[in-house]
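When reading the values below, keep in mind they use all heavy atoms of this one structure, side chains included, and skip hydrogens, waters and symmetry mates. So you know, we letter chains A, B, ... as the sequences are listed, proteins then strands, and number each from 1.
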2 protein chains.
Amino acid sequence: MSKKEELLKAAELKVRSGGYNNFSFRELATEVGIKSASVHYHFPTKSDLGAALAHQYTEEFLKALGDPDELYAAGKNPIDVYINLFRKALVKDKKMCLCGLLGAESDSLPDKVLIETKLFFERNIAWLTQAHTVIAPDNKEAAKRNAIKTIAILEGVMLISKTLDDNQIFEEAILGLGN
Amino acid sequence: MSKKEELLKAAELKVRSGGYNNFSFRELATEVGIKSASVHYHFPTKSDLGAALAHQYTEEFLKALGDPDELYAAGKNPIDVYINLFRKALVKDKKMCLCGLLGAESDSLPDKVLIETKLFFERNIAWLTQAHTVIAPDNKEAAKRNAIKTIAILEGVMLISKTLDDNQIFEEAILGLGN
DNA sequence: CAAGAACTATCTACTGATAGGTAGCTTAAC
DNA sequence: GTTAAGCTACCTATCAGTAGATAGTTCTTG
């Protein structure tokens, strides 16, 4: 893993724990074993790093999901696949969704970072709309509404489960969601 | 309004825009017209201020809601009352829920602040459980599950509506929630 | 009722730590 | 001999927090 990739991984953990202001170039540099001035070589400013982070997170998220139509064709419920990706973030990583946290702070985010955070939600809503459409093709006008409900409940319950340190809350909230 | 109250109000806006790290004693002091050292007179440390902020927010939130049983007796749907309080925060204040934001950052919060943030969610889930119980008394085992779903979807959609700067997303997500 | 003690709310001046960012040098690889 | 990737050394700004002084108010008590 290159230093640049190491920096992004270290920053991801920090941001997913406490938001955009929760990491500094000095901390990141120490963690990956370089000097803070060298971080500016890879990312000219902090907002460049933040934007790259949100962009990479979105790409990896959607890549991990796959295509809703193909999932359905393979006999899987794409909504369950989606839920499982959030469950993994909560249970395995024990961290918030990166863009969930950034979104909550959207009022105070640099433009570059905000743009990438918006793209995360737009692309996720599009994915979920397609997922709901393939499950219930006769109900197209409701697909987007259900997409919004699905991502809202997942971001929300993630935040609450983490705060109360109780994964059972997550499980209760998602009951009946994949229908 | 006392300086102490002014400080809490100023801090609330900052935190609801960008989280716990988004305010400083200096900024707050300047805004209310005193020196930063004087802020320490009212709140010995930053975490004391943060805890007081979350506590006051919770108290005011529950006070604004009223009692679910009384609301129901007065012919109102308490879930609709609850939704309206979130709608007001989003549309009028144009800000996130304070404890929603703090909860997202819970991993990096000082203990004092975390305790108050947890209390917000515990008390809100209790309120919503009672609200769902009074609406559907024969369905008690589902009341807590519905309470979790309700607050999760509201915190989640608030975050997403704010990020995408689109209040219509909020309205779509809450359709059918008050039944 | 008046003297003095204690308290409230503020100030100035400071500390040590940390922040993001910049200029210019070095080193190694191609 | 250019470039990538790092370095040292520095800058200015800001951070939370502390010490000690002060003016005005309130409480206590002789």
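- Listed by chain and residue number, nothing satisfies the side chain to side chain donor-acceptor pair (under 3.5 Å) test with B/D165 (two or more places apart in sequence, or in another chain).
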Enumerate the protein-to-nucleotides 28-30 of chain C contacts in which both atoms are nitrogen or oxygen and the separation is below 3.5 Å.
none

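- Residues from residues 18-30 of chain A that place a heavy atom under 4.0 Å from any atom of DNA chain D: there are none.
- Within residues 36-56 of chain A, the residues having any heavy atom closer than 4.0 Å to DNA chain D are, in order of number, A/A37, A/S38, A/Y41, A/H42.
- Listed by chain and residue number, B/A51, B/A54, B/H55, B/L119 satisfy the side chain to side chain contact (heavy atoms under 4.5 Å, CB included) test with B/E116 (two or more places apart in sequence, or in another chain).
- Atom CG of B/L7 and atom P of C/dA9 are 12 Å apart (whole Å).
- Every residue meeting the side chain to side chain donor-acceptor pair (under 3.5 Å) condition with A/E12, not counting sequence neighbours, appears here in chain and number order: A/K9, A/R16.
- A donor-acceptor pair shorter than 3.5 Å can be found between the side chains of B/Q130 and B/D69.
- Residues A/S17 and B/D107 come closest through the heavy atom pair O-CB, 3.4 Å.
- A distance of 8.5 Å separates CG of B/L101 from CG of A/L159, quoted to the nearest 0.5 Å.
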Let me have the donor-acceptor pairs involving side chains of residues 145-155 of chain B, under 3.5 Å, with sequence neighbours excluded, atom names and distances please.
{"from": "B/N146", "atom 1": "ND2", "to": "B/A142", "atom 2": "O", "distance (Å)": "3.3"}
{"from": "B/K149", "atom 1": "NZ", "to": "A/L175", "atom 2": "O", "distance (Å)": "2.7"}
{"from": "B/T150", "atom 1": "OG1", "to": "B/N146", "atom 2": "O", "distance (Å)": "2.7"}

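- Remark: B/Y20 engages no residue in a side chain to side chain donor-acceptor pair (under 3.5 Å) (not counting sequence neighbours).
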List the atom pairs, donor and acceptor, that lie under 3.5 Å between side-chain atoms in residues 29-44 of chain A and the rest of the protein, sequence neighbours left out.
{"from": "A/T30", "atom 1": "OG1", "to": "A/R26", "atom 2": "O", "distance (Å)": "3.0"}
{"from": "A/E31", "atom 1": "OE2", "to": "A/K14", "atom 2": "NZ", "distance (Å)": "2.9"}
{"from": "A/H40", "atom 1": "ND1", "to": "A/P44", "atom 2": "O", "distance (Å)": "3.0"}

Yes or no on side-chain contact (heavy atoms from CB on, under 4.5 Å) for B/Y82 and B/N124, after CA distance, side-chain angles and deciding distance?
CA-CA 10 Å; B/Y82 196 83; B/N124 272 266; 2.6 Å; yes

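- Put simply, chain A comes within 4.0 Å of DNA chain D, heavy atom to any atom, from D/dA4 to D/dA9, going 5' to 3'.
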Expected list for residues 71-80 of chain B: side-chain donor-acceptor pairs under 3.5 angstrom, two or more places apart:
{"from": "B/N77", "atom 1": "OD1", "to": "B/I79", "atom 2": "N", "distance (Å)": "2.9"}
{"from": "B/N77", "atom 1": "ND2", "to": "B/G178", "atom 2": "O", "distance (Å)": "2.6"}

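- Every residue meeting the side chain to side chain contact (heavy atoms under 4.5 Å, CB included) condition with B/T45, not counting sequence neighbours, appears here in chain and number order: B/S47, B/D48.
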